[in-house]
Amino acid sequence: MREKELRLALICYGGVSLAIYMHGVTREIWHMVRASRAFHDGVQPTRSSEIVYRDLLAEMSRVSGVKLRVFTDIIAGSSAGGINGIFLSQAIVTGQSLEPLTDMWLEMADVDVLLDPDARPLSRFTKFWATPIAWMILRRRGGAVERTVAKEAQEEVATKLSRFVRARWFAPPFGGNVFSKLLLDALNAMAASKAGPLLLPENQPLDLFVTVTDFNGHDQVLRLNSPEEVTESEHRITVDFSTRGRTGLAEIAELIFAARATASFPGAFPPFSVRELDRLLTRENVTWFGRSAFLKRILPQQFAANAAEDTMLIDGSVLANAPFNQAIAALRNRPARREVDRRFVYIDPKPGRPSFRFGKRNADGTADMPRKPPGFFSTILGATSNIPREQPIRDSLEKITGHSDRIERTRRIVDSLRDEVENTVETLLGKTWFLSQPTAARMQKWRQSAQQKAIVAGGFSYRAYSHLKVAGVVDDIIATARRSLPDSSPAFFRALRSALWTEIKARGVDHMPQRAGKETTRQAIAFFRAHDLRFRIRRLRFLARHLTEEVENVIDVPDDNITNMRDAIYKCLAVFLDLETAEFLGADFALAAQAGVSNPAGLMDHLAAQRDLIRKDTQVDKILCQALLTLPVEARRAMLLGYLGYALYDIATLPLLQDEGLDEFDPVKVDRISPEDCTSIRKGGAAATLKGIQFNNFGAFFSRSYRENDYLWGRLHGAERMIDILLSSLPQGHEFSASRAQSYKRQVFHAILDEEQDRLTHIRPLIDTLRVEVDQIHTDLLPHPITALCRPKCP
């Protein structure tokens, strides 16, 4: 069975009380990933929705011949999305349950709980003059509460709104200490829950990014021509976590830091500071072992000035509500041991333009533009809150599209060069009949010969290519040093880069002369053989694609032989990918990197000796030869020509990609999860389904029934879109029919309603209504997938 990974990079937007809806979505993603793990482990899930997902994965594998594994390995979030991203990451990395977070959102995300103790109206005389105003606004006939709130929740919402209105003026009504304690309790409850299996493949890292805003800003040095340096104030901060080189994600105090800071919504919560967290940890007797190292990494300037504890941090969505860029950057240096379908999935609970910009909708659904310029207060509100938070993600999507376009362009170039490269390799190697009988010794000679002759065949273009390869080696050493020395300053790495280039010039490999002699050629090849790790990785990824496109889909080869060859390629790839990890490099490399500015030659020689790429090449040649000999002669020859000719392909494609996309060399696809995209049960988007959109997205904080409503819809919408995304990964020609897809959606909707009916006691009428709506979804009459064991094709 051919294996494939569906990798989800998750982007979680901010949305105040719509956090509860987003938790429902992320929880369903968690269920899907758990079901995928169970499917691969041959275990039957116990949760009802996970049983449906597992059955779907099983039928997809029978229909397509592809065994799909689904997981989330990149998560970026802001504000309410940041909180959900943190908890989902913790569940994925540890195998802990998300149930405690569900309890926190439903039970504790209420204004009566979140109000700061000092802001609570302690008596009927507290802000007595506000009472009649609140009464007039909230109780009048046809007012906002009567018009927008369901009858059974009107009394609850009106009472809590009254308390909220009569809370203190000119200070945030919600308590930061209260919120931090809730986060601590939820994380502790997760840790105490019964842990399941880890939800990532072995050695697959998870990268988490949470955006935060530095209210006062910190200095950022910019380099110009004249003057040489200028200083500007930077307010954006990304709190990043990674499992690379770690057994877990982070200490619990660091997760609270990120969650509390990213959700400090201006005007609702007070700004967050480290002092607030320190007080909480002292009260709760929690030790923060890595406090200094964490603050030095996240707040380096403030830490150096002994001001980290007093830095005021506010909501991350103020400047970056859709943190795509951080997730895009994380695509580099990701292991890929099998075929990858990479998706960027963003959760937007309320897509569309902010309501303050437009009036009512026209009859055709278009927005009615305002008839007069915005006034003083609306301009201030928009400038300080809505506009920066609600900027469209067009720039990020264009970046992803450009990335995918360059990859597609490169693949077309490779296709156009194939005949010429294969003819060149055959001509260069002379006795081509040996290609049908490869050995490890022959493979080594063929590789060296092909690389030497490629320099001549490349002609003038090889000069630019070789310089790009040398620059790639320098970039690789700097990136490796950054992973080993995360606390070092940017100035250190600038000095290290300069020292490395000085050493490379001293070795005479910084450029190739126009007419390279044999000695120059040998010198350059020796340098690349000792240092060019990225070339090896690119070549093996190319070989994996070559197997699919030029052998599996073209030549009649037994499936077992294809699987054996693919496994060998990814086993070889793992050999080189492991050389980048902190576990492999160890403390000795960190010491060499630390001394690299004064001794760059020692650093380069240490890294070359530690990796020992020439010996690894021999190991890889043996693994590939064993697999090649199991292939029919025609397929074996095609694979050898691709492997040996890769140096020629690389000369043509590396200047175009410049090391971009060398990890996951397939176009990236983008999917959205929002109420607007989920119409199987009910059309109308957020307005027809969500309650949290009321009161400028604070609505769910005022009613338990509102929170239950939004959480349930989040699960239902998450399930619908996850099935859509799963089915879109099927190979062409193996697609499910629309009715079959709806059949699975209907099953999972009922499973979710069955699972939640005892918990969601405040919305039982809604659950009854949803059962009727789900039953009306059109499905085919095919048997349940468990009984459809041998269907060769999807209907």
Side-chain angles (χ1 to χ4, degrees), residues 5-15 18-37 53 69-94 98 101 198-201 204-211 238-243 249 255 258-259 262-263 316-317 320-331 334 340-349 351 393 396-397 399-400 664 668-675 677-678 714-715 717-726 728-729:
E5 292 178 346
L6 177 59
R7 297 184 175 184
L8 308 179
L10 195 62
I11 315 296
C12 304
Y13 282 22
L18 292 172
I20 293 106
Y21 170 81
M22 284 186 281
H23 168 63
V25 175
T26 56
R27 174 162 175 156
E28 210 52 39
I29 293 172
W30 175 65
H31 285 303
M32 169 61 76
V33 174
R34 281 169 53 92
S36 174
R37 176 61 191 259
Y53 294 138
R69 180 163 191 167
V70 188
F71 59 85
T72 299
D73 62 338
I74 300 174
I75 298 177
S78 179
S79 190
I83 296 176
N84 283 304
I86 289 168
F87 279 85
L88 177 61
S89 299
Q90 183 75 342
I92 289 172
V93 169
T94 63
L98 274 181
L101 183 61
L198 308 187
L199 300 181
L200 283 173
Q204 181 73 24
L206 182 140
D207 292 306
L208 168 66
F209 305 93
V210 181
T211 63
T238 298
V239 184
D240 60 299
F241 304 99
S242 178
T243 60
L249 187 63
L255 299 179
T262 192
S317 69
N321 193 44
F324 268 87
N325 289 337
Q326 293 88 335
I328 294 172
L331 283 178
R334 304 203 74 76
V340 172
D341 184 347
R342 166 62 70 186
R343 303 296 181 92
F344 272 69
V345 180
Y346 70 99
I347 304 173
D348 187 357
I393 61 169
S396 298
L397 293 182
K399 182 181 294 187
I400 293 174
E664 297 173 358
V668 176
K669 300 172 185 175
V670 181
D671 299 289
R672 184 179 74 170
I673 299 178
S674 84
D677 310 316
C678 305
R715 285 202 65 181
H717 288 169
E720 178 169 356
R721 292 297 290 137
M722 286 309 298
I723 289 177
D724 290 338
I725 292 169
L726 270 185
S728 69
S729 70

Quick check: do [X] and [Y] have side-chain heavy atoms less than 4.5 Å from each other?
{"X": "F71", "Y": "I92", "value": "no"}
{"X": "Y21", "Y": "P349", "value": "yes"}
{"X": "M32", "Y": "L8", "value": "no"}
{"X": "L10", "Y": "I347", "value": "yes"}

Closest non-hydrogen atom pair, [X] against [Y]:
{"X": "S89", "Y": "G85", "result": "OG-O, 2.7 Å"}
{"X": "S78", "Y": "T211", "result": "OG-OG1, 3.0 Å"}
{"X": "A19", "Y": "N84", "result": "O-ND2, 3.1 Å"}
{"X": "S79", "Y": "T262", "result": "N-OG1, 2.8 Å"}
{"X": "C678", "Y": "E720", "result": "CB-OE1, 3.3 Å"}
{"X": "L249", "Y": "L206", "result": "CD1-CD2, 4.0 Å"}

What is the distance from atom [atom1] of [X] to atom [atom2] of [Y], rounded to the nearest 0.5 Å?
{"X": "R721", "Y": "R672", "atom1": "CZ", "atom2": "CZ", "answer": "8.5 Å"}
{"X": "F241", "Y": "Q90", "atom1": "CZ", "atom2": "CD", "answer": "10.0 Å"}
{"X": "L101", "Y": "I83", "atom1": "CG", "atom2": "CD1", "answer": "8.5 Å"}
{"X": "Q326", "Y": "I75", "atom1": "CD", "atom2": "CD1", "answer": "14.0 Å"}
{"X": "I725", "Y": "D671", "atom1": "CD1", "atom2": "CG", "answer": "4.0 Å"}
{"X": "T26", "Y": "R715", "atom1": "OG1", "atom2": "CZ", "answer": "10.5 Å"}

Next item on the list: Carefully, step by step, assess M722 and H31 under the rule side chain to side chain contact (heavy atoms under 4.5 Å, CB included).
Entry: CA-CA 10 Å; M722 286 309 298; H31 285 303; over 6 Å; no
Item checked: Pair D724-D677, side chain to side chain contact (heavy atoms under 4.5 Å, CB included): steps then yes or no -> CA-CA 10 Å; D724 290 338; D677 310 316; over 6 Å; no
Check: Do the charged groups of R69 and E5 touch, with an N to O distance under 4.0 Å?
Finding: no
Note to self: Whether D73 and R342 form a salt bridge (side-chain N of Lys/Arg under 4.0 Å from carboxylate O of Asp/Glu) is what I want to check.
What the structure shows: yes
Next item on the list: Check the pair L208, I86 against side chain to side chain contact (heavy atoms under 4.5 Å, CB included), reporting the backbone distance first and the verdict last.
Entry: CA-CA 7 Å; L208 168 66; I86 289 168; 4.0 Å; yes
Check: Between the side chains of R343 and S729, does any donor sit under 3.5 Å from an acceptor?
Finding: no
Check: Hey, does the side chain of R37 reach the backbone of L198 with a donor-acceptor pair shorter than 3.5 angstrom?
Finding: yes
Note to self: Students often mix this up, so state it plainly: with edges at 30° and 60°, are the rings of F324 and Y13 parallel, tilted or perpendicular?
What the structure shows: perpendicular
Note to self: Set out, in order, the CA-CA distance, both residues' side-chain angles and the distance that settles side chain to side chain contact (heavy atoms under 4.5 Å, CB included) for F209 and N325, then state yes or no.
What the structure shows: CA-CA 10 Å; F209 305 93; N325 289 337; over 6 Å; no
